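Before any comments, here is the structure.
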Protein chains: 2
Amino acid sequence: MGGTMATNVKEEVLEAARRAAQSRGYAGLNFRELASEVGIKGASIHYHFRTKADLGAAVARRYWETSDATLQEMWERYPDPKEWLRHYPSTFRQSLENGNRICLCSFMSAEHDDLPEPVKAEIQVFAEVNIKWLTKAVSASTGMSEPESERRARSIFAAVSGAQLMARSRADISVFDSLIEEYCHSGLLPG
Amino acid sequence: MGGTMATNVKEEVLEAARRAAQSRGYAGLNFRELASEVGIKGASIHYHFRTKADLGAAVARRYWETSDATLQEMWERYPDPKEWLRHYPSTFRQSLENGNRICLCSFMSAEHDDLPEPVKAEIQVFAEVNIKWLTKAVSASTGMSEPESERRARSIFAAVSGAQLMARSRADISVFDSLIEEYCHSGLLPG
DNA sequence: ACCTGAACACCGTTCAAGT
DNA sequence: ACCTGAACACCGTTCAAGT
């Protein structure tokens, strides 16, 4: 009878919204469709999330929190810093595996001009969390200076995002793998 | 008098739609708004473009045709193949300069799942045209083998797209410049 | 040939009402 | 506490009808 066992409608909406937003963006989110997935009516979502902007911001916040946790786990799982960078692209690969979805941050970066401020803010945090993690990983595995590591971290983040986007446009995950391989080959990513 | 002097409503719609799509995507295109920019009513656009899908496909086709012409000009303007690659990112930079817009292909790649087939097809051609051009530029300036050059060309296209997307999310063109610089520094782009 | 009014289906949102 | 039907103002899209 613990609270954790109960189905939580709010959580289900949040999860359905995340999946939808990774497929069709913030503009593609709609209350009536999300509601029907969860088994309630469109109007009922407003009980849990006051506005669409609130839902979008909640989804984006949860998204970077999850990413943060996943990256921290990689911290602990692999002893060698070089492993960190080698495994980083797999977090983006998983979105593609999961219904050819892309990173929420990438989709919402494209939608930038039509996004409510609070949503933009949470999306920014996702990028910052990833870049901070990458900076440490680059620094630890190459011995680059801190500003150099950050510049490299940013370029890795942008390049991996671009690879994911291109793979989605072909609906072909092997495109992603080839691009990452070439990033390694060219020197952007380590060996 | 000459047909080239007459204002051409269809052309104006096409141009307004391109600008809108680079800001807000295919989903963000709307007939009433485009029409009011051109001075007609929303419904009138359907005389020139049967459906939104037809308009989208026409915009995307025109987009790769223009890109193709621009790239061919670079062919002729610069004698040294190394200049070709150095100038390639500037075509993406211009979209950012022009109202923080992004490449139509990038936005529509994100929107992949909600795109009519003919639009997807034209967008694919844009990527192919760019990759073919880049392949020649890489091959001519590095002496890499043909398959190696194409792999590198694809990774440059993906990475530059990602850099543009990230710069848009910050609404800061200097982010783009820093990323390109770091691509050069890392070896993805030449020196 | 070129354009429009009016209708349609759908959206986010609100709110009084239900349990 | 949690959900709903109905209504509202608005949107993109369509099509028969205008000139």
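All chains are named by letter (A, B, ...) in the order of the sequence lines, taking the proteins before the strands, and each is independently numbered beginning at 1. Note that the structure is predicted; figures quoted are calculated from it, not measured.
When DNA chain C is scanned in the 5' to 3' direction for atoms under 4.0 Å from non-hydrogen atoms of chain A, the outermost contacting nucleotides are C:dC11 to C:dT14.
Looking at residues two or more places apart in sequence or on another chain, you find a salt bridge (Lys or Arg N to Asp or Glu O under 4.0 Å) between A:Asp177 and A:Arg93.
Within the 3.5 Å criterion, the main-chain N or O of B:Ile131 finds a donor-acceptor partner in the side chain of B:Thr135.
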Output a table of donor-acceptor pairs, distance under 3.5 Å, between side-chain atoms of residues 107-129 of chain B and any protein atom two or more places apart or on a different chain; print 'none' if there are none.
residue, atom, partner, partner atom, Å
B:Ser109, OG, B:Cys105, O, 2.6
B:Glu111, OE1, B:Tyr26, N, 2.8
B:Glu111, OE2, B:Tyr26, N, 3.1
B:Glu111, OE2, B:Ala27, N, 2.9
B:Asp113, OD1, A:Arg168, NH1, 3.3
B:Glu117, OE2, B:Lys120, NZ, 3.4
B:Glu122, OE1, B:Trp64, NE1, 2.8
B:Glu122, OE2, B:Arg61, NE, 3.2
B:Gln124, OE1, A:Arg170, NE, 2.9
B:Gln124, NE2, A:Ser169, O, 3.4

Please list, one pair per line, the donor and acceptor atoms closer than 3.5 Å that link side chains of residues 65-77 of chain B to other protein atoms, with sequence neighbours excluded.
residue, atom, partner, partner atom, Å
B:Thr66, OG1, B:Arg62, O, 2.9
B:Ser67, OG, B:Asn130, ND2, 3.2
B:Thr70, OG1, B:Thr66, O, 2.9

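Looking at every heavy atom in both residues, B:Ile45 comes nearest to B:Ala35 through CD1-N, 3.7 Å.
Taking 4.0 Å as the cut-off between side-chain N and carboxylate O, B:Arg152 and B:Glu148 do not count as a salt-bridged pair.
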A:Ile102/A:Ser95 under side-chain contact (heavy atoms from CB on, under 4.5 Å): CA gap, chis, key distance, verdict: CA-CA 6 Å; A:Ile102 59 170; A:Ser95 296; 5.7 Å; no
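With rounding to the nearest 0.5 angstrom, the CG atom of A:Leu189 is 9.5 Å from the CG atom of B:Leu188.
Relative ring orientation between B:Trp133 and B:Tyr88 is described as parallel, the plane-to-plane angle staying below 30° on a 0-90° scale split at 30° and 60°.
Note on A:Leu29: only backbone sugar-phosphate atoms sit closer than 4.0 angstrom, heavy atoms only; bases stay farther off.
Residues from residues 42-59 of chain A with heavy atoms under 4.0 angstrom of DNA chain D, sorted by number: A:Ala43, A:Ser44, A:Tyr47, A:His48.
Taking the ring axis of A:Phe49 as reference, the NZ or CZ atom of A:Lys10 stays within 45° of it and closer than 6.0 Å to the ring centre.
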Watson-Crick and G-U pairing of DNA chain C written in dot-bracket, each distance under 3.5 angstrom, with | for inter-strand partners: ||.|||||...|||||.||
